[in-house]
Amino acid sequence: MSTITLDHVTKRFPDGAVAVNDLSLDIGDSEFCILVGPSGCGKSTTLNMIAGLEDISDGELRIDGQVVNDKAPKDRDIAMVFQTYALYPHMTVRENMAFALKLAKVPREVINQKVEEAARILDLVPHLDRKPANLSGGQRQRVAMGRAIVRNPKAFLMDEPLSNLDAKLRVQMRTEVSRLQRRLGTTTVYVTHDQTEAMTLGDRVAVLRGGFLQQFGTPKELYENPANLFVAGFIGSPAMNFMAASLEDNHLRSPLGEVPLSDRLRRALEAANVERQVIMGIRPEHFEDAALVASQPERAGVFFSATIDVVESMGSDVYVYFSLEGARANAAELEELARESGSAELSSAAETVVARLDAATAVREGEQARLWFDPAKVQVFDPRSGRNLCLAV
Amino acid sequence: MRRRKLAWGGADLVVLAWVAFPVWWIVALSFKDPSTITDGSFWPTKWTLQNYEGIFKTSQFLLALRNSIGIAVISTVVAVVFASLAAYAIARLRFPGKKVLIGVSLLIAMFPQISLVTPLFNIERVIGLFNTWGGLIIPYIAFGLPFAIYTLAAFFREIPWELEKAAKVDGATPMQAFVRVVAPLAAPGVATSAILVFVVTWNEFLLAISLTSTTASRTVPAALAFFTGASQFQNPIGSIAAAAVIITIPIVFFVLFFQRRIIAGLTSGAVKG
């Protein structure tokens with residue numbers, strides 16, 4: 001039950017590389033905070049700094065208001081779950097979970113009681129006297145969790161704890177982790193590169209890129225109001241579609257046709273004082289089959305035609321893919337952004353557009369289709385800074 | 001399939017015979033009666049324990065055995081302890097001069113010992129180490145360390161670093177992390193390098209014969225060269241063979257005893273398999 005504050009924290013390695021740059025985060029008591037980003041974005045380094053396994057080059061780290069920069073990991077009262085679990089192979093499950101308590105010289109009866117309790121919560125009772133080598137991946141993962149929860153620490157730090165599990169188990173354990181955290185109410189910092197985990201688990205999510213904090217907010221905020229192109233492209237699956245567009249008097253000229261600007265958007269763009277060339281972003285679910293919209297006249301929007309390349313039916317929805325002429329105008333710049341972010345989705349999205357349509361749609365592969373989208377949901381980005389211009393108000 | 005098995009079996013037999021023949025020859029010699037020792041028979045025609053009784057009756061062999069055990073054990077323990085610390089540093093830390101350190105230790109391991117005999121002989125005579133245990137232990141440690149550092153560094157590298165991090169987060173001091181997590185996992189490596197160093201020092205002959213002059217510090221390999229028969233005119237071959245068999249026993253015992261541990265590899269299960 002603690003707060004964790006990172007105050008302008010910077011990590012500079014001896015070779016001069018800056019892994020984390022001026023990062024400030026305020027993690028509240030009992031909060032489940034996610035650090036997400038592509039590999040090399042500094043998320044694991046940040047976690048290691050909170051744990052005390054890496055020195056902090058600049059800035060302050062406070063746990064419960066107390067500066068802990070120079071405290072050894074053992075004096076910080078935090079527990080960590082590692083990606084590889086890092087179970088002690090020469091100890092039984094029971095000894096693994098008891099290790100920290102034993103070091104803390106907790107009386108034996110108390111240790112036994114705590115270990116039994118944790119084992120019950122995690123369904124590990126029958127395995128207490130086995131060695132890690134004889135456990136399945138999921139069981140090992142639970143032992144790693146157990147080792148953290150028996151200590152009742154100020155905070156849990158988790159470094160991609162589910163990434164070594166197969167897909168089905170991962171989803172199962174994700175729910176389990178979430179339930180456990182709510183039940184224990186322990187402040188948790190969780191590192192992942194998987195935006196789905198970030199969105200489903202986090203109270204708040206910090207998106208990092210190249211050592212810089214991009215945005216820190218609730219999953220809903222990140223999804224609906226991404227601060228920049230990177231967050232917009234990283235959060236959401238399939239990713240947001242980006243295309244080049246240019247700003248006219250009171251509309252946006254885009255490869256999908258002319259998009260009328262709402263008053264709010266127009267004011268925002270005026271305030272931002274941007275150039276005419278912009279990048280327009282629109283999420284797949286904001287498209288619809290025109291035929292299905294026509295019956296609902298209240299849904300005003302933009303209609304356009306496209307030749308459908310691929311149709312993927314998911315049962316509940318249909319994903320359609322189509323290419324856009326003219327979207328390539330600014331593609332080079334977008335691709336550069338994509339390379340920087342290391343996100344493959346971003347680079348393919350520069351040319352191909354994904355739309356999620358209702359399952360009732362009749363569109364077919366290789367045929368012309370008439371589609372619709374909601375102009376109010378369009379996001380507009382500055383191609384040079386990547387900033388989301390809709391948020392300028 | 002069957003032919004292949006036969007071929008392999010045949011090859012195995014050849015190798016086995018090749019390796020085991022000299023061993024059997026020395027064992028056979030040690031059981032031969034002095035009168036038949038030169039008959040060249042494969043199987044002793046007249047069995048006797050006389051050779052064994054002979055070497056244990058004189059103090060010459062027993063003193064040498066005591067020297068061998070003492071010197072080999074002390075050299076091994078000291079070398080392995082220091083090598084553990086050095087190997088841990090090499091495997092885990094980044095420090096200036098690390099490459100130089102590794103290079104120098106390799107150099108020592110490859111240095112021709114014969115070229116060191118004369119300088120060592122002179123130095124030890126001047127400082128009073130000649131013909132003492134210390135006079136052999138010190139160079140043995142010097143030559144044993146590189147071997148031990150090499151094998152141990154390889155084992156330490158195999159131990160996932162995250163285990164140590166986990167121990168630290170669990171509240172262990174660096175020393176506790178080393179003693180309670182790293183060292184137990186490196187046990188097979190410690191055993192392996194200890195055997196290596198022990199075997200090398202146990203069998204060492206060149207320095208042993210050059211840096212000793214009496215039974216006060218002469219080890220068994222050197223002492224064998226000074227064996228005489230029961231009488232001055234008796235051929236000592238039987239006694240030498242018996243002594244050779246005796247000093248081979250600890251080596252065989254060590255290897256058999258630790259083999260399973262060495263192969264087992266304790267780290268399985270630490271991380272996702």
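Proteins get letters first, then strands, A, B, ... in listed order; numbering begins at 1 in each. Source: prediction; values computed, not measured. Computation of the quantities below employed the complete heavy-atom set of this structure, encompassing side-chain atoms and omitting hydrogens, waters and symmetry-equivalent molecules.
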Discussion item. Does any part of the side chain of B/Pro160, heavy atoms only, come nearer than 4.5 Å to the side chain of A/Thr84, both counted from C-beta?
Written reply: no
Bottom line for A/Asp77: the part with an atom under 4.5 Å from chain B's heavy atoms is neither
Applying a strict 4.5 Å limit to non-hydrogen atoms, the region of A/Ala79 in contact with chain B is backbone
Does a sphere of radius 6.0 Å around CZ in B/Phe178 hold more than 12 heavy atoms from other residues, nucleotides or ligands, not counting ones at 6.0 Å or beyond?
yes
| message | Walk me through whether A/Lys74 and B/Val169 qualify under side chain to side chain contact (heavy atoms under 4.5 Å, CB included). | response | CA-CA 5 Å; A/Lys74 71 186 180 67; B/Val169 173; over 6 Å; no
Item to complete: Using the side chain to side chain contact (heavy atoms under 4.5 Å, CB included) rule, take B/Val181 and A/Phe99 through it: C-alpha gap first, then chi angles, then the decisive distance, then the call.
Response: CA-CA 10 Å; B/Val181 175; A/Phe99 186 65; 4.0 Å; yes
So, the part of B/Arg180 with a heavy atom under 4.5 Å from chain A: the answer is both
Between the CG atom in A/Leu103 and the NZ atom in B/Lys168, the distance rounded to the nearest 0.5 Å is 13.5 Å
d(B/Glu164 CD, A/Leu53 CG) to nearest 0.5 Å is 10.5 Å
- For B/Asp170 and A/Arg151, run salt bridge (Lys or Arg N to Asp or Glu O under 4.0 Å): C-alpha distance rounded to whole Å, both residues' side-chain angles, the deciding distance at 0.1 Å, then the answer. CA-CA 9 Å; B/Asp170 269 349; A/Arg151 292 179 45 198; 3.5 Å; yes
